[in-house]
Amino acid sequence: MPTAVSLFSGCGGSDAGLIKAGFSVLMANDVLPYARDVYLANHDLTDYQLCDVAQIRSFPAADLLVGCYPCQGFSQGGVREPGRGINRLYLEFARALRTIKPKAFVVENVSGMVRANYKHLLKNQLAAFRRAGYNVSCNVLSAADHGVAQERRRIFIVGTRKDLDFKYEFPQPTHGLDAPLPYVTIRDAIGDMPVWPEGEFYGRDFHWYYLSRDRRRGWDELSKTIVANARHMPLHPSSPALVKLEHNVWRFVDDSPARRFSYREAARLQGFGDLVFPDAKRGSLDMRYTVVGNAVPPPLFHAVVSGLLPIF
Ligand SMILES: C[S@@+](CC[C@H](N)C(=O)[O-])C[C@H]1O[C@@H](n2cnc3c(N)ncnc32)[C@H](O)[C@@H]1O
């Protein structure tokens with residue numbers, strides 16, 4: 001069984017994809033206690049270290065290193081400051097890479113990283129990974145093309161150790177208009193779930209910012225992006241449609257009940273299946289949405305790592 005070390009592991013979206021591809025995840029790490037709780041409730045064999053990655057002094061030997069360092073510096077929803085310290089966490093990833101020297105590595109991040117004003121940061125990351133001895137390629141992939149019922153585009157950086165002389169190919173779409181299978185829709189993902197799961201969705205008002213854009217998609221469409229902030233979670237399709245009044249101003253077509261996706265629906269729309277959420281004190285509603293929205297859709301990560309399997 002090939003082995004992996006996972007950094008910035010969150011509640012285990014990337015790692016669920018790894019495990020499905022046949023990897024044993026030896027070590028995972030994050031600073032968020034509830035992310036660890038959810039991870040271990042779903043995958044209890046991993047040694048999960050709850051600490052700042054900078055404090056980790058030794059890593060187990062492994063075939064693969066994966067890491068999805070935080071993206072607040074680049075994401076649409078985050079504060080876009082290319083100089084923020086958080087954008088330097090890739091250096092911790094590069095330190096682990098130099099120490100473990102795995103056969104391959106995979107990084108996921110928000111696609112905003114390819115925007116012109118962040119390109120230098122992407123260039124720095126690729127250069128650090130090449131200096132560590134890896135052939136590196138990157139690509140923006142769409143989760144919907146790999147069977148996830150959601151519009152979510154993410155950048156993947158994949159590296160293989162130079163001595164292996166392996167040419168990695170990014171996966172071709174399996175779902176969509178020109179692919180063998182149709183897109184997975186909201187109905188496919190959550191159609192069997194209760195329509196009004198009291199206590200499991202964020203029920204505060206739809207404030208002006210929420211109503212500054214269309215947040216609803218129909219049952220037979222892809223969901224809008226599942227985000228980490230509960231307030232910005234897209235609408236459940238049983239909610240009334242939104243109509244545009246003017247630039248950045250939308251309103252519901254009628255007064256029938258409207259609600260955001262629940263955190264369990266959000267997990268399904270991320271491609272998790274039925275994720276177990278332990279009832280720890282720190283597992284507030286907001287925190288449940290956060291760990292799910294931060295995650296990499298497992299089917300997308302599975303598709304990316306599957307192309308590496310020949311070298312293990
Ligand atoms: C994009 S999320 C990763 C999601 C995860 N790979 C998944 O699929 O569920 C980034 C994670 O990095 C964690 N993080 C942020 N700063 C960190 C640090 N200094 N050390 C360790 N983890 C950190 C955050 O708590 C967050 O869970």
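Order of listing sets the numbers, starting from 1, for every ligand and every atom in it.
Taking the centre and axis of the six-membered ring of Tyr134, the NZ or CZ atom of Arg161 falls outside the cone set by 45° and 6.0 Å. With Tyr209 as the aromatic partner, Arg215 meets the cation-pi criteria of under 6.0 angstrom to the ring centre and within 45 degrees of the ring axis. For the pair Arg260 and Tyr210, the cation sits on the ring face: its NZ or CZ lies under 6.0 Å from the ring centre, inside 45° of the axis.
Taking CZ of Phe301 as the reference point, atom OG of Ser306 lies at 10.5 Å (rounded to 0.5 Å).
Considering backbone and side-chain atoms alike, Asp52 places an N or O below 3.5 Å from some N or O of ligand 1. The shortest N or O to N or O distance between Phe8 and ligand 1 is under 3.5 Å. For ligand 1, none of its N or O atoms has an N or O atom of Pro70 under 3.5 Å away.
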Stepwise salt bridge (Lys or Arg N to Asp or Glu O under 4.0 Å) check, Glu265 with Arg268: CA-CA 5 Å; Glu265 291 161 346; Arg268 286 260 196 110; over 6 Å; no
Evaluation steps, salt bridge (Lys or Arg N to Asp or Glu O under 4.0 Å), between Asp279 and Arg288: CA-CA 10 Å; Asp279 276 327; Arg288 288 167 193 235; 3.1 Å; yes
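Within a 6.0 Å radius of CG in Asp163, more than 12 heavy atoms belonging to other residues, nucleotides or ligands are found.
Here the shortest heavy-atom distance to atom 5 (C) of ligand 1, taken over Pro297, Gly67, Ser6, Ser9, belongs to Ser9. For atom 16 (N) of ligand 1, the choice among Val53, Leu89, Asp30, Leu50 with the nearest heavy atom turns out to be Leu89.
At least one heavy atom of Cys51 sits under 4.0 Å from some atom of ligand 1.
Residue-ligand proximity, Ala295 to ligand 1, at heavy-atom distances under 4.0 Å covers atoms 7 (C), 8 (O), 9 (O). Residue Asn29 has at least one heavy-atom neighbour below 4.0 Å for each of these atoms of ligand 1: 21 (C). Close approach to Cys11 involves these atoms of ligand 1, each under 4.0 Å from a residue heavy atom: 9 (O).
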